[in-house]
Amino acid sequence: MDKRNIIVVGEVNNGNIHHVTYELTSKAAELGERINGYVEVLLLGYSINKEHIKRLFETGADKAIIIDNEKLGLLNDDYFVANIRKVLERENPYIVLTGATPQGRAIIPKLAIKLHAGLTADCTDLDIEAETDLLLQTRPAFGGNLMATIKTPEHTPQMSTVRPKVFKINENYNKKENIENIEFEETNSLIRIIEMIKSEEDNVNLADADIVVSGGRGVGNKENFSIIYDFAKKINGVVGASRAAIDAGWIPYPHQVGQTGQTVSPKLYFAIGISGAIQHQVGMKSSDYIVAINKDTNAPIFNIADYGIVGDLFEIVPKLIKLLD
Amino acid sequence: MKRLIVFIKQVPDTAELRIDPKTNTMIRTGVPSIINPFDMYAIEEALRIKEKWGDTEVIVATMGPPQAEEALREALSLGCDKAILLTDRKFAASDTFATSYILSKAVEKIGDYNIILTGKQATDGDTAQVGPGIASWLNIPSITYVKKMIEVKSDYAKIERLMDYGYDIIEIKGKFLMTAIKDLNEPRIPSFRGKMAAKKAEIPNWDAAYIGAEDKNIGFLGSPTRVVKAFSPPPKQGGIKTEGDDIETAKKLIANLKESHLI
Ligand SMILES: Cc1cc2nc3c(=O)[nH]c(=O)nc-3n(C[C@H](O)[C@H](O)[C@H](O)COP(=O)(O)OP(=O)(O)OC[C@H]3O[C@@H](n4cnc5c(N)ncnc54)[C@H](O)[C@@H]3O)c2cc1C
Ligand SMILES: Nc1ncnc2c1ncn2[C@@H]1O[C@H](COP(=O)(O)O)[C@@H](O)[C@H]1O
């Protein structure tokens with residue numbers, strides 16, 4: 001059987017390789033063992049960290065294809081789509097995996113159309129169907145109320161975007177370094193990225209967080225949110241919020257968890273002063289362990305909390321902070 | 001005249017979704033439908049651009065079964081000028097590849113336009129693929145996760161796009177497609193006059209033949225992906241529940257989290 005290429009379209013931010021790239025490389029290597037796969041990582045970026053590239057071979061890559069150019073330092077979708085497309089058409093991959101990050105979700109749907117490929121978004125599990133060698137892609141729909149397994153029987157590549165932190169990085173592959181550098185090809189583009197703003201306020205990497213500490217209307221006002229921040233800091237968590245807290249203007253939108261905000265699935269989720277409306281739940285229900293603090297014993301959040309405390313958040317949270325000192 | 005096209009989708013109201021405790025499957029019958037929440041921000045932004053520009057027509061369109069007309073009437077009641085229902089048995093079971101193709105054919109049928117607006121994602125499928133997909137078929141730029149329109153003219157725009165590190169400021173010349181997030185604006189509610197006008201409006205139904213959509217790209221056969229299996233994840237159940245907010249309660253929680261190696 002010929003080798004089947006599995007291409008991970010990696011992500012580079014500021015020269016650093018995003019961890020989802022290693023997660024997918026490891027998963028690709030694991031899947032590849034079952035279908036005679038050959039794992040290639042395609043990286044577009046600027047001044048890509050050499051050490052990071054080395055790590056790709058430890059985590060399962062057989063080859064890295066790199067396009068390093070100043071023009072790829074910012075996310076001009078057109079440059080990315082055109083340059084990735086060229087490589088994919090040359091390599092003719094069997095499977096293409098990408099992180100379901102804002103970047104992946106911006107460019108991969110455009111590529112799937114150009115390649116006439118099937119694309120499954122936001123996968124949380126990948127497997128190979130034994131009889132057919134096809135990729136089985138499992139993903140949540142309806143805010144996690146339904147899971148669907150999807151395959152693409154007649155079109156290649158079989159493409160998926162995969163949520164960060166779903167797969168473990170395996171550092172034990174130790175493959176031989178094999179790098180191909182490709183020239184960036186300038187294409188016509190009607191868009192120009194003027195600036196990339198890293199903002200403290202908006203830099204809320206909730207999707208990546210292991211611990212999320214969310215506050216809701218029960219927190220009462222903007223000033224009080226400092227206790228949510230203090231607690232989050234103590235346990236290395238990222239601050240989230242319910243929509244009610246966002247709409248009240250206590251905390252900016254990128255912190256919102258739920259149907260019209262972000263979906264999170266950390267190891268540990270705190271819902272503090274949050275009732276647990278269905279629209280909030282769909283964004284956090286798949287967290288591994290949920291702690292709820294709410295003074296209303298009938299709050300729906302307790303139905304899904306692994307650990308619930310019926311009590312006043314202003315009493316309990318400061319005590320938790322103190323105990324962690 | 002300038003023209004804005006907004007694509008909306010009718011979705012089941014998540015708040016009303018229930019899981020059948022016996023079969024552990026989703027109960028969809030009797031669940032009311034709403035306009036996909038993200039699409040409300042797309043509609044609102046189109047209306048605001050129209051107010052700024054004047055001499056602009058806002059066309060709202062959806063692909064769906066005949067009852068999706070309700071969603072279009074609601075959009076009309078908010079102030080959209082025209083609605084189009086893309087409906088045909090042949091469209092059924094379209095995945096995002098086929099859906100974005102059908103919607104792009106509708107755009108070609110409509111003719112000239114300045115901006116296409118969609119929601120960031122639909123709350124039923126949660127794919128966020130249809131917006132960029134339409135742009136790809138039409139060979140126009142797409143800007144996802146738009147949080148702010150800094151400047152918008154008929155052939156130029158300056159936009160903020162939300163990313164995970166913060167946001168990008170982007171300049172676009174010519175036509176483009178944008179996907180809306182909640183941060184973009186605060187949707188209005190329909191006026192009485194709007195509601196009356198919406199009731200009376202004629203909504204044309206467009207089928208595959210009318211928009212020139214080729215069979216090979218639509219419906220089940222035109223969709224590269226196949227759903228092999230759908231299942232509900234095991235329901236989450238409440239665990240430990242304690243009363244009180246004294247220091248003992250706090251200690252117990254910390255001990256529990258440490259035991260479970262969570263902190
Ligand atoms: C289309 C649509 C989309 C939506 N999208 C989202 C979304 O993405 N995310 C989201 O979160 N919501 C969303 N919502 C809103 C959602 O329905 C709820 O209104 C919202 O989640 C409520 O936020 P909350 O729990 O903070 O507020 P509330 O429901 O008001 O709950 C506050 C809770 O705090 C408790 N409390 C008060 N004081 C204290 C105290 N001192 N100590 C302890 N507990 C206290 C109260 O008992 C109460 O349970 C959406 C709604 C719609 C219609
Ligand atoms: N059937 C449809 N008809 C019209 N617009 C749609 C349809 N499906 C998706 N869209 C648009 O595409 C966006 C993203 O949807 P999705 O890719 O399904 O998450 C939605 O917010 C809508 O604006």
Side-chain angles (χ1 to χ4, degrees), chain A residues 13 75 78 101-102 105-106 109-110 113-114 117-122 141-143 145-153 155 190-199 202-203 205 235 253 259-260 267-268 278-279 282 285 289 302-312 315-316 319-320 323, chain B residues 14-15 17 19 26 37-38 96-97 100 123-129 132-133 135-137 141-142 144-145 162-174 182-183 224-233 236 238-245 247 249-251 253-254 256 260 262-263:
Chain A
N13 301 128
L75 179 64
D78 296 336
T101 56
R105 291 174 120 217
K110 298 193 93 168
I113 302 296
K114 301 279 188 240
L119 170 61
T120 306
D122 264 12
F142 290 98
N145 282 313
L146 191 74
M147 302 297 291
T149 302
I150 290 168
K151 66 179 178 187
T152 310
H155 295 260
L190 295 167
I191 68 178
R192 192 167 73 88
I193 316 300
I194 303 178
E195 214 181 337
M196 172 172 133
I197 311 263
K198 290 215 187 83
S199 94
D202 291 325
N203 188 351
N205 221 329
I235 56 170
Y253 171 66
Q259 186 183 88
T260 46
K267 297 199 174 76
L268 179 57
I278 189 88
Q279 294 94 345
V282 297
K285 197 160 77 166
Y289 200 84
F302 289 122
N303 300 334
I304 61 160
D306 297 285
Y307 199 112
I309 295 181
V310 183
D312 188 341
E315 291 293 329
I316 198 86
K319 292 191 178 92
L320 294 172
L323 286 169
Chain B
T14 322
L17 279 180
I19 302 293
M26 213 165 53
F38 285 103
T96 56
F97 179 88
S100 55
T123 54
D124 51 358
D126 290 325
T127 80
Q129 285 172 187
S136 196
W137 282 106
S142 55
T144 43
Y145 297 20
L162 188 67
M163 297 297 288
D164 43 19
Y165 45 74
Y167 58 94
D168 290 333
I169 301 179
I170 306 178
E171 218 173 40
I172 313 120
K173 287 195 204 106
K182 173 177 169 282
D183 222 9
T225 60
R226 293 277 175 272
V227 177
V228 220
K229 170 170 91 167
F231 55 101
S232 295
K236 189 112 200 168
I240 305 164
K241 193 168 170 191
T242 63
E243 303 260 347
D245 39 33
I247 190 80
T249 319
K251 276 187 184 153
L253 171 61
I254 303 259
N256 174 284
S260 318
L262 290 161
I263 54 171

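All values below were derived from every heavy atom in this structure, side-chain atoms included, with hydrogens, water molecules and symmetry-related copies excluded. Throughout, protein chains are lettered first and strands after them, A, B, ... in sequence-line order, and every chain is numbered starting at 1.
- Both the backbone and the side chain of B/Phe97 have a heavy atom closer than 4.5 Å to some heavy atom of chain A.
- Summarising the geometry, atom CD1 belonging to A/Ile191 is positioned 7.0 Å from atom CD1 belonging to B/Ile172; distances are rounded to the nearest 0.5 Å.
- Residues A/Leu119 and B/Gln129 meet the side-chain proximity criterion, which asks for heavy atoms closer than 4.5 Å.
- Across all their heavy atoms, A/Gly118 and B/Thr225 have their closest contact at CA-CG2, 3.7 Å.
- Minimum interatomic distance between B/Pro132 and A/Ala106 (heavy atoms only, all atoms of both residues): CB-O, 4.1 Å.
- Contacts of A/Asn303 with chain B are made by backbone atoms alone, with heavy-atom separations under 4.5 Å and no side-chain atom involved.
- The distance from the CD atom of B/Glu171 to the CD1 atom of A/Ile193 is 10.0 Å, given to the nearest 0.5 Å.
- Note on B/Ile263, B/Ile170, B/Thr96: by heavy-atom pairs under 4.5 Å with chain A, the leading option is B/Ile170.
- Annotation for A/Gln259 and B/Phe38: closest pair O-CE1, 3.5 Å, computed over non-hydrogen atoms.
- Within the 4.5 angstrom heavy-atom criterion, atoms from both the backbone and the side chain of A/Ile113 approach chain B.
- With a 4.5 Å cut-off on non-hydrogen atoms, B/Ser136 touches chain A through its backbone and its side chain both.
- Formation of a donor-acceptor pair under 3.5 Å by the A/Lys110 side chain with backbone atoms of B/Ala135 is not found in this model.
- Pairing each heavy atom of B/Met163 with each of A/Leu75, the nearest pair is CE-CD2, 3.7 Å.
- Each of B/Thr123, B/Val227, B/Asp124 has some count of heavy-atom pairs under 4.5 Å with chain A, and the biggest count is that of B/Asp124.
- Looking at every heavy atom in both residues, B/Asp164 comes nearest to A/Pro102 through OD2-CD, 3.4 Å.
- Of the atoms belonging to A/Gln279, it is side-chain heavy atoms, and not backbone ones, that fall under 4.5 Å from chain B.
- Checking side-chain atoms of A/Lys267 against main-chain N and O of B/Leu262 turns up no donor-acceptor pair under 3.5 Å.
- Interface remark: of the candidates B/Ala230, B/Gly174, B/Ser260, B/Ala230 forms the most heavy-atom pairs closer than 4.5 Å to chain A.
- To the nearest 0.5 Å, atom CZ of residue A/Arg192 and atom NZ of residue B/Lys173 are 7.5 Å apart.
- Among A/Gly311, A/Gly308, A/Ala121, the residue making the largest number of heavy-atom pairs under 4.5 Å with chain B is A/Gly308.
- Note: A/Leu323 leads A/Asp122, A/Leu323, A/Asn13, A/Asp78 in heavy-atom pairs under 4.5 Å with chain B.
- The number of heavy atoms from other shown groups lying within 6.0 Å of NZ (B/Lys241) is above 12.
- Heavy atoms closer than 4.5 Å to chain B are found in the backbone of A/Ala305, but not in its side chain.
- Between chain B and the options A/Thr152, A/Ile278, A/Ile197, A/Ile150, heavy-atom pairs under 4.5 Å are most frequent for A/Ile197.
- Looking at A/Leu190, both its backbone and its side chain come within 4.5 Å of chain B, counting heavy atoms on both sides.
- Of all the listed residues (A/Leu268, A/Thr120, A/Ile304, A/Thr101), the one sharing the greatest number of non-hydrogen pairs under 4.5 Å with chain B is A/Ile304.
- The CD1 atom of A/Ile316 sits 7.5 Å away from the CG atom of B/Leu253 when rounded to the nearest 0.5 Å.
- Rounded to the nearest 0.5 angstrom, B/Thr249 OG1 and A/Leu320 CG are separated by 9.5 Å.
- Chosen from A/His155, A/Arg105, A/Glu315, the residue pairing most often with chain B at heavy-atom distances under 4.5 Å is A/Arg105.
- To the nearest 0.5 angstrom, A/Glu195 atom CD is 5.0 Å from B/Ile169 atom CD1.
- Considering only heavy atoms from C-beta on, B/Lys236 comes within 4.5 Å of A/Asp306 through its side chain.
- Contacts of B/Asp126 with chain A are made by both backbone and side-chain atoms, with heavy-atom separations under 4.5 Å.
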